[in-house]
2 protein chains.
Amino acid sequence: MSKLVPSTEIVLPTKADFPSYTPKQEAILQGAVQVFLRCGYAGTSMDRVAAEAGVSKQTIYSHFQDKEGLFTALMERMTIRRFQALFHTETLCGEPEALLRRFAETYLTQIADKEYVALFQLIIGESARFPELAKLYGRTVIQQGRHLMSDYFRHHPELGFTDPEAIAHIFVGSLVSYVVAQEIFYGNETSPLSRDRLIENLLNLVLHR
Amino acid sequence: MSKLVPSTEIVLPTKADFPSYTPKQEAILQGAVQVFLRCGYAGTSMDRVAAEAGVSKQTIYSHFQDKEGLFTALMERMTIRRFQALFHTETLCGEPEALLRRFAETYLTQIADKEYVALFQLIIGESARFPELAKLYGRTVIQQGRHLMSDYFRHHPELGFTDPEAIAHIFVGSLVSYVVAQEIFYGNETSPLSRDRLIENLLNLVLHR
DNA sequence: GTCTATAATCAGATAGAC
DNA sequence: GTCTATCTGATTATAGAC
C-alpha cells in the first residue's frame with residue numbers, strides 16, 4: 001500500500017454507453033420521458049408513449065425491441081446525461097472549505113432538480129426488476145461523487161482523514177438523503193431544513209475539528 | 001426561546017393509526033404484502049393477491065374499498081409497525097459514544113432488513129401517486145429518529161452542538177443513504193463499505209473533535 | 001419505415017347464487 | 001360473508017397496407 005491508488009476501481013461510462021439516435025428515435029425517447037417519469041414502468045402504456053411522441057405504436061416497436069428495451073434505453077441515457085451534468089464541469093481543486101462548499105452546492109442543485117428526483121425515484125422503484133440500471137446509476141452518479149471526494153482527501157493528508165473513503169461516503173450520503181427527505185418524503189412541508197444550514201454544519205463537522 | 005422545546009413538532013401515530021383486523025382481513029393483508037412488495041402497485045393484480053391470500057377477489061373488495069384502499073391500508077400498517085420496532089425499545093440515555101453507537105447499530109439493522117428495504121423502495125416509487133403515505137413514512141420512521149437525536153443533543157450542551165437538528169439530520173441521513181447505496185444501488189457488490197467502518201467514522205466525526 | 005387495424009390477453013370491478 | 005362467473009375496458013404485441 002505504498003502508492004496513492006484508489007481503493008475501489010470505478011467503471012466509468014464508455015463511448016458504448018452513448019449511443020446516437022435518429023430524429024425519430026429522439027422523438028420517441030422524448031415522449032417516453034414524460035410518461036415513464038410520471039407513471040412508472042408498469043403504469044406506462046405504449047399507447048400513451050406513442051401519443052405523447054406523436055408516432056404510431058408500431059414505430060416504437062420497430063426501433064426499440066419492446067417495452068423493456070425502450071425503458072432501459074431511456075433510463076441509461078438519462079443516467080449518463082446526469083452524470084455528465086454533475087461532473088463535467090467539476091474539477092476538485094482549491095482551498096478545502098471553498099471546494100467542498102462548491103461541490104456540495106453543485107451536487108445538491110443537480111440532484112434536487114425535479115426531473116432528476118423523478119429519475120431517482122423511478123430507478124429505486126424498479127431496482128429489483130432492473131438491477132443493471134440501478135448498478136449503472138449507483139456507479140455513475142453516486143460512487144463517482146464519493147470517488148472524487150475521497151481522492152481529494154487522499155491527496156491532502158493535511159486534512160487528517162484516516163479513512164477518506166468513509167468520510168466521502170458520509171459527506172455525499174448526507175447530501176443524497178437530504179434530497180430524499182425533503183423532496184420525496186415531503187420534509188420541506190413537515191420539517192424544513194434549509195440547504196445552507198445543512199451545508200454549513202456538514203462543513204463544520206468535516207473541517208473544523 | 002427560553003425553554004428547551006423541540007423546534008419541530010412531531011405528529012406521532014395515534015390509536016386511530018392502529019386499526020384492528022379480522023382473521024380474514026389479516027389473511028388478505030398477509031397475501032397482499034408479498035405481491036405488492038415484489039411487483040409494485042401497478043404491477044400487482046387483484047387476482048394475484050386473491051390467489052396468494054387464498055380468498056376470492058370479491059372478498060377483498062368487500063373488506064377493502066378497492067385496490068387503492070387495500071394498498072394504503074397495507075402500507076400504513078407496515079409503516080407503523082416499523083416505527084414501533086425501531087423506537088419502542090430505544091430510550092436514549094447513557095454515555096454519548098455508547099448511546100450513539102447503539103442507536104446507529106439498531107437503526108441500521110432495522111432499516112437494512114430485506115422487507116424494510118422493499119417497503120422503502122415501494123413508498124419512494126409511489127410517493128407521487130400516494131403523497132400521504134410518503135408523508136406518514138417520513139414523519140414516523142425518518143423524522144422520529146432525527147427528533148430523538150436532536151432532543152438528546154439539545155439536552156447535552158456539553159457536546160457543543162450549536163445546531164443539534166442539523167447534526168441529527170446528517171447523522172441519520174448518513175445511515176439512510178448507506179442502506180440506499182448498499183442495498184438498493186447494489187453498492188455491496190460494486191464498492192463495499194462495512195457497517196462498522198461507517199459507524200466508526202460517523203462517531204469520530206460527531207464526537208471526537 | 002411508417003401507419004391503421006387487429007389479435008390475444010389481462011386488468012379492476014361487479015352481479016348474483018348460496 | 002364468501003364464492004363463481006362475468007362484464008367492460010385497457011394492455012402488449014403483431015399483421016399487413018402503403
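Quick note on labels: first sequence line is chain A, next is B, and so on, each numbered from 1.
- Of the residues in residues 29-56 of chain A, those lying under 4.0 Å from DNA chain C by heavy-atom distance are A/Val55, A/Ser56.
- Scanning for side-chain hydrogen bond (donor to acceptor under 3.5 Å, both in side chains) contacts around B/Ser20 gives an empty result, with sequence neighbours left out.
- Within 4.0 Å of A/Lys57, counting heavy atoms only, lies at least one base atom of the nucleic acid.
- Scanning for side chain to side chain contact (heavy atoms under 4.5 Å, CB included) contacts around B/Pro96 gives B/Tyr152, B/Leu159, B/Leu207, with sequence neighbours left out.
- Identified under the salt bridge (Lys or Arg N to Asp or Glu O under 4.0 Å) test for residues 180-189 of chain A, with sequence neighbours left out: A/Glu189-B/Lys135.
- Heavy-atom distances under 4.0 Å link DNA chain D to A/Tyr61, A/Asp66, A/Lys67 of residues 60-71 of chain A, given in residue order.
- Every residue two or more places apart in sequence or in another chain that forms a side-chain hydrogen bond (donor to acceptor under 3.5 Å, both in side chains) with A/Tyr137 is listed here: A/Tyr116.
- Within the structure, every pair that satisfies the side-chain hydrogen bond (donor to acceptor under 3.5 Å, both in side chains) test and touches residues 33-54 of chain A, not counting sequence neighbours, is listed here: A/Asp47-A/Lys57.
- Reading DNA chain D from its 5' end, the first and the last nucleotide to sit under 4.0 Å from a heavy atom of chain B are D/dT2 to D/dT4.
- With sequence neighbours excluded, the residues forming a side chain to side chain contact (heavy atoms under 4.5 Å, CB included) with B/Ala118 are B/Leu37, listed by chain and number.
- Every residue meeting the side chain to side chain contact (heavy atoms under 4.5 Å, CB included) condition with A/Ala134, not counting sequence neighbours, appears here in chain and number order: A/Ile123, A/Ser127, B/Phe185, B/Tyr186.
- Applying the salt bridge (Lys or Arg N to Asp or Glu O under 4.0 Å) test to residues at least two apart or on different chains, the pairs with a partner in residues 105-125 of chain B are B/Arg82-B/Asp113, B/Arg82-B/Glu115.
- With sequence neighbours left out, the side chain to side chain contact (heavy atoms under 4.5 Å, CB included) criterion links B/Ala181 to A/Arg146, A/His169.
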